[in-house]
Amino acid sequence: MDSQLSDIRKEYKKGKLTRNTISENPFEQFARWLDDALHCGEDEPTAMIAATVSPDGRPSTRTVLLKGVENGRFIFFTNYESRKGRQLAANPHISLSFVWHKLERQVHIEGIAERCAPRESDAYFSTRPYKSRIGARISPQSHVIGSRMEIIRAFVKEAAKLAGQTVQRPDNWGGFAVTPTRFEFWQGRESRLHDRFRYTLREAAPVPTWTILRLAP
C-alpha cells in the first residue's frame, strides 16, 4: 500500500499565476477564481475546509459550505453548539481552504470569525429547504447520539409539531462571518514549481490595503 501511494503523481499544467495578472485586491482575485470553479464543473465549488483550534491548542477540521462573501467577510452557517461553534466561541481564529481540483487551484484564508447578526441568520434560514430547517432544529450537531433512528424520530416529531407553521430558526443555529487577515492563492505548475501568492492585511481601515508577495513552491 505504501509503495502504491508513493507512486501517485500528477503534473499540473492547466494554468499559471503571475504578479502582473493577479488582482491587487484579494476579494476580487477570489471572485474570479470562484467564478471559474462555478463554471468549470467542479464538484461542490463552494465547499471549504474550516479549521478551528480548541482552548488547549488542538486543531480540528471539517468541510462547510460558503454561503456568501459580503462586506469583506466570508459567511457560513452552523450549529453554535457544535464542536466548531464551541471552539470559535473560545478562540475566534479560523482558517478556510478551497481546493478546486479541475482547475489545479487552492485558496487558503486566515482570519477572525464572529457570529452574524440574528437578522442575517434569520434571512438565510428562511431560504433553506423545509427539511433542512427541521433538521437544524433537532440535530445536536457534533454530539454523540445512540443511533440514526434517534435522529429520525426527532425529525418526524418536530415536523409533526410544526405542521402548517413557519419553521423558525433555533437560537443555537446561525452564521459566522470570517474577516480575513491573510490570503494565499496557489496555482499548480509543472515539476512542483507551483505559483503561490500571499496577501497580508497591512491596514484595515478606512480602506483595507494588502501586501502581496510571491512564496516559494
Evaluate side chain to side chain donor-acceptor pair (under 3.5 Å) for H108 paired with E110, printing each intermediate quantity in order.
-> CA-CA 7 Å; H108 307 291; E110 297 173 14; over 6 Å; no

Decide yes or no on side chain to side chain donor-acceptor pair (under 3.5 Å) for S60 and Q87, but give the supporting numbers first.
-> CA-CA 9 Å; S60 61; Q87 289 184 346; 2.9 Å; yes

Would T211 and R202 satisfy side chain to side chain donor-acceptor pair (under 3.5 Å), going step by step from the backbone distance to the final call?
-> CA-CA 6 Å; T211 299; R202 184 167 66 243; 3.0 Å; yes

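Using a 4.5 Å cut-off between side-chain heavy atoms of Ile, Leu, Val, Met, Phe, Trp and Tyr, with links allowed through other members, L193 and L215 fall into different hydrophobic clusters. Taken together through direct or relayed side-chain contacts under 4.5 Å among Ile, Leu, Val, Met, Phe, Trp and Tyr, I212 and V107 form part of one hydrophobic cluster. Following chains of ILVMFWY side-chain contacts shorter than 4.5 Å, one cannot reach L213 starting from F183, and the two form parts of different hydrophobic clusters. L88 and L65 are members of different hydrophobic clusters when ILVMFWY side chains are connected at heavy-atom separations under 4.5 Å. Each of I49 and I112 belongs to its own hydrophobic cluster when Ile, Leu, Val, Met, Phe, Trp and Tyr are linked at side-chain heavy-atom distances under 4.5 angstrom.
With a 4.5 Å cut-off on side-chain heavy atoms, N91 and T52 do not count as touching. Counting only heavy atoms from C-beta outward, the side chains of F74 and I109 approach each other to under 4.5 Å. Within the 4.5 Å cutoff, the side chain of W173 has no heavy atoms near those of the D171 side chain. Residues C116 and F176 fail the side-chain proximity criterion, which asks for heavy atoms closer than 4.5 Å. Side-chain contact between R83 and R62 is present, with at least one heavy-atom pair separated by less than 4.5 Å. Taking the side chain as every heavy atom from C-beta outward, P208 and L201 approach each other to under 4.5 Å. Under the 4.5 Å side-chain criterion, counting only non-hydrogen atoms from C-beta, W186 is not in contact with R198. Under the 4.5 Å side-chain criterion, counting only non-hydrogen atoms from C-beta, L17 is in contact with W33.
By the 4.0 Å N-to-carboxylate-O rule, E184 lies close enough to R196 to be salt-bridged with it. Using a cut-off of 4.0 Å between Lys/Arg side-chain N and Asp/Glu carboxylate O, R137 and E158 are scored as salt-bridged. Taking 4.0 Å as the cut-off between side-chain N and carboxylate O, K102 and D43 do not count as a salt-bridged pair. Under a 4.0 Å N-O distance rule, the pair R73/E120 qualifies as a salt bridge. Between E104 and K10 there is a salt bridge, since at least one side-chain N of the basic residue sits less than 4.0 Å from a carboxylate O of the acidic one. With respect to the salt-bridge test (charged N to carboxylate O, under 4.0 angstrom), the residues E24 and R19 qualify.
Checked by atom type and distance alone, the side chain of T18 pairs as donor or acceptor with a backbone atom of T21 at under 3.5 Å. Checking side-chain atoms of Q29 against main-chain N and O of S23 turns up a donor-acceptor pair under 3.5 Å. Looking at S142, its side chain never comes within 3.5 Å of a backbone N or O of S82 through a donor-acceptor pair. Between the side chain of Q141 and the backbone N or O of G85 there is no donor-acceptor pair closer than 3.5 Å. No donor-acceptor pair closer than 3.5 Å links the side chain of R32 to the backbone N or O of D36. With hydrogens and angles ignored, the 3.5 Å screen pairs a side-chain donor or acceptor of H194 with a backbone N or O of R189. Between the side chain of Y124 and the main chain of F76, no donor-acceptor pair closer than 3.5 Å is present. A donor-acceptor distance shorter than 3.5 angstrom exists from the side chain of Q187 to the backbone of L103, with no hydrogens or angles considered.
Closest approach of N79 and S139 over heavy atoms only: ND2-O, 3.2 Å. When every heavy atom of A90 is checked against every heavy atom of P55, the shortest pair comes out as CB-CG, 3.8 Å. Here the closest non-hydrogen pair linking G72 and P180 is O-CD, 3.4 Å. A113 approaches I94 most closely through the heavy-atom pair CB-CG2, 4.1 Å. The minimum heavy-atom distance between G57 and P59, with the atom names listed, is O-CD, 3.5 Å. Scanning both residues, I151 and P140, for their nearest heavy atoms gives CD1-CD, 3.6 Å.
With D195 as the partner, the salt bridge (charged side-chain N to carboxylate O under 4.0 Å, His left out) test is satisfied by one option alone out of R105, R214, K14: R214. Applying the side-chain contact (heavy atoms from CB on, under 4.5 Å) test between M48 and each of T63, L66, V178 identifies L66 as the sole match. Of the listed residues (Y199, F30, F27), just one forms a ring-ring contact (aromatic ring centres under 6.0 Å, His included) with F185, and that residue is Y199.
Because its NZ or CZ atom is not both nearer than 6.0 Å to the ring centre of Y80 and within 45° of the ring axis, R86 does not count as a cation-pi partner of that residue.
Counting heavy atoms of neighbouring residues, nucleotides and ligands inside a 6.0 Å radius, atom NZ of K131 does not exceed 12 of them. Shown here is R192, whose CZ atom has more than 12 heavy atoms of other residues, nucleotides or ligands within 6.0 Å.
In this structure, CZ on R182 lies 6.0 Å from OG1 on T200, to the nearest 0.5 angstrom.
Using bins of under 30°, 30° to 60° and over 60° for the plane-to-plane angle, the ring pair F98/W100 lands in the tilted bin.
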